[in-house]
Amino acid sequence: VNDDVSIRGIRFGFLFVVALFALVGGFTLLTERHTNERIDELVRRAGERSHLIDRIRLDAMLLETAVSEHINAQTDEDRGAADEKMEEILSDIEDARDSYTQDLPPGETEAWTRFSTTSKALAEQVRTAVRFSNRRQAERARKHLEESITPVTEQLDELADQLSAKDAEETQKTLHHREDLRARTLELAAGSSVLAIALSLFVAFRVVKLLGRQRQTIAEQLDELARRNRELDAFASRVAHDLVSPLAPLKGYLTLIRRSKTVAEPSVIEMLTLAESSAGRMGELVEALLRFCRAGNQAKADAQPTDLEATVTTLLLEVSQTAAANHVQLDRQLETGVRVAMPPQLLSSVAQNLLSNAVKYSAGRSGAKVSVRVFAEKADAVLEVTDNGMGMSAEAQRSLFQPFFRAPNARALPGHGLGLATTKRLVEAHAGTISFRSAEGAGTQVVVRLPRARELTAAQPALEPRLAQGSR
Amino acid sequence: VHRLLVTSEDADLRRYVRITLERAGYAVNEARGLTDALSRLAGTDLVVWDLAHDEAAEQVSRAVANVPLVVLASGLPHERAAGRATLLKPFDPGELVELCRAVLHQPTA
């Protein structure tokens, strides 16, 4: 429960860190984009305004020239043309002034008002000069141009300079603002990164601690399992000892009675045989029980590798008589040089169990056949025994490896239900697996996979795997 | 006539071994355990020892020193110690007699 809570906490921590990073990243990007857009707009407007100021400046100079032309004009026609030109320039100044006022930052109005007033004053003075010029008072007009218009133009120029400077200053300020904003965003990102890293470290620390605790739990459980196996082994030895001790005299006396040849009555001899058979079965059962309990013991690390093909070949010799007597055909396909780290007698008992089961459960059927395959597959040594015998129902398959289980359709046949359970324990104690496929009435295939032995010492060079095929 | 000593905690087994060996012509004594056996060891030609579940064959072998030994044990065939005269229970009475005879007639070191 505690581990569950920790895992939930760690998951939450990770999600939080990821969310935090995403949030900070998103916020930074958004702010940057927004700021850039604003700056671009400000710079564009500053450029426009600077252009308008230049236009007004140029117009003011042109206006001076036009006034001069008006004063110096000889004909009414020339005067009219100069008038027209001046009106044009004046209206242009007015347009520029209006354009400038649009989108003007609030702090700039004072400087602009002065500039605007001055340009209006210029227009007034120009109109006054034109009035003098129209009344043929050229000298007065010229004087007015020099004394009133030129200073106003100069003032206008000066104010324009101030405005441009102010605009430039404004742009500079905006750029500074952008730098400040960037620095702040960076600080925020750095801060949240540090927080995220700290959180990650904390989470990683918790994970490592949790894994350590789980590893310890697993080690404890393995110890417990080993302890229980030792207990079971000790118990089995005790049981075997205590069961076998009374069995020895029982069987022994039966043998002595038979050999004394004092029993002549056939029915008594038959009873004697039955008693011997029962005692024999009890001996087998005790031995099977002992084998089952011992099978779970850990494999010895220094176990000599055993040749699977040689083991199976020897066994096939033993089984072939039973098979022939029951009209079961034995097929073999054995790859040589496949070695497993398992003592010979244990490997032999595994193979024996599979083979004798296959023969036992296919005997008596027409065309009964048992196929044995030995081969290497990657790091595994594989023993595969296939029969076309009675097979098992789905229900029987579920309980197949349970000790003392016997399939309903096999109960008439001899056996005590410990063979496959023992084989499974043996195989698993040697880091192997056992699996099977079966269909009722069609047959069974059992596959044992054991890790191949690494070795092959210098004295036994690795043989090129070769298939020894044949059937009998 | 060889004098044999049967040691076992189990009275039934002791008697069975004694009867079997007496029928083969040996003089047989019984002992109930280690202490009992050691007190009767003098003049014994062979000890037939039924291992108690907490006894090891090596330990018994040391205890009887140079008296020949046949061990009766419970266990699996492949667990038998090599080079030691051992019978796994249950055993055939004929096998016991033959093993005892073989041990008695082998040249002692």
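These values consider heavy atoms only, across backbone and side chains, with no hydrogens, waters or symmetry-generated copies. Chain A is the first sequence line, chain B the second, and so forth, proteins listed ahead of strands; every chain is numbered from 1.
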Is it true that, when you exclude A:Gln321 itself, more than 12 heavy atoms of the residues, nucleotides or ligands shown sit nearer than 6.0 Å to its CD? no
Max heavy-atom pair count under 4.5 Å with chain B, selected residue of A:Val286, A:Thr255, A:Leu346, A:Asp242: A:Thr255
For residues A:Ala248 and B:Phe91, report the shortest heavy-atom separation together with the two atoms involved. CB-CE2, 4.5 Å
Decide yes or no for B:Leu88 and A:Glu287: does some side-chain heavy atom of the first lie under 4.5 Å from some side-chain heavy atom of the second? no
Could you pull out the closest heavy-atom pair between B:Gly94 and A:Arg259, with the gap in Å? N-NH1, 3.7 Å
Can you confirm whether B:Glu98 is buried at CD, in the sense that more than 12 heavy atoms of other residues, nucleotides or ligands lie under 6.0 Å from that atom? no
Identify which part of A:Leu243 has an atom lying under 4.5 Å from any heavy atom of chain B, answering side chain, backbone, both or neither. neither
Write down the atom of A:Gly252, the atom of B:Pro93, and the distance for their closest heavy-atom approach. O-CG, 3.9 Å
At a heavy-atom distance under 4.5 Å, which candidate from B:Val17, B:Leu96, B:Asp50, B:Asp92 has the highest pair count against chain A? B:Asp92
Atom of B:Asp12, atom of A:Tyr253 and distance for their closest heavy-atom approach: O-OH, 4.1 Å
Could you tell me which non-hydrogen atom of B:Pro90 sits nearest to which non-hydrogen atom of A:Val244, and how far apart they are? N-CG1, 4.1 Å
Identify the heavy atoms of B:Leu13 and A:Ser245 that sit nearest to each other, and give their distance. CD1-O, 3.6 Å
Would the number of heavy atoms belonging to other residues, nucleotides or ligands and lying under 6.0 Å from CZ of A:Phe405 be above 12? yes
Take a 6.0 Å sphere around CZ of B:Arg15 and say whether it holds more than 12 heavy atoms from other residues, nucleotides or ligands. no
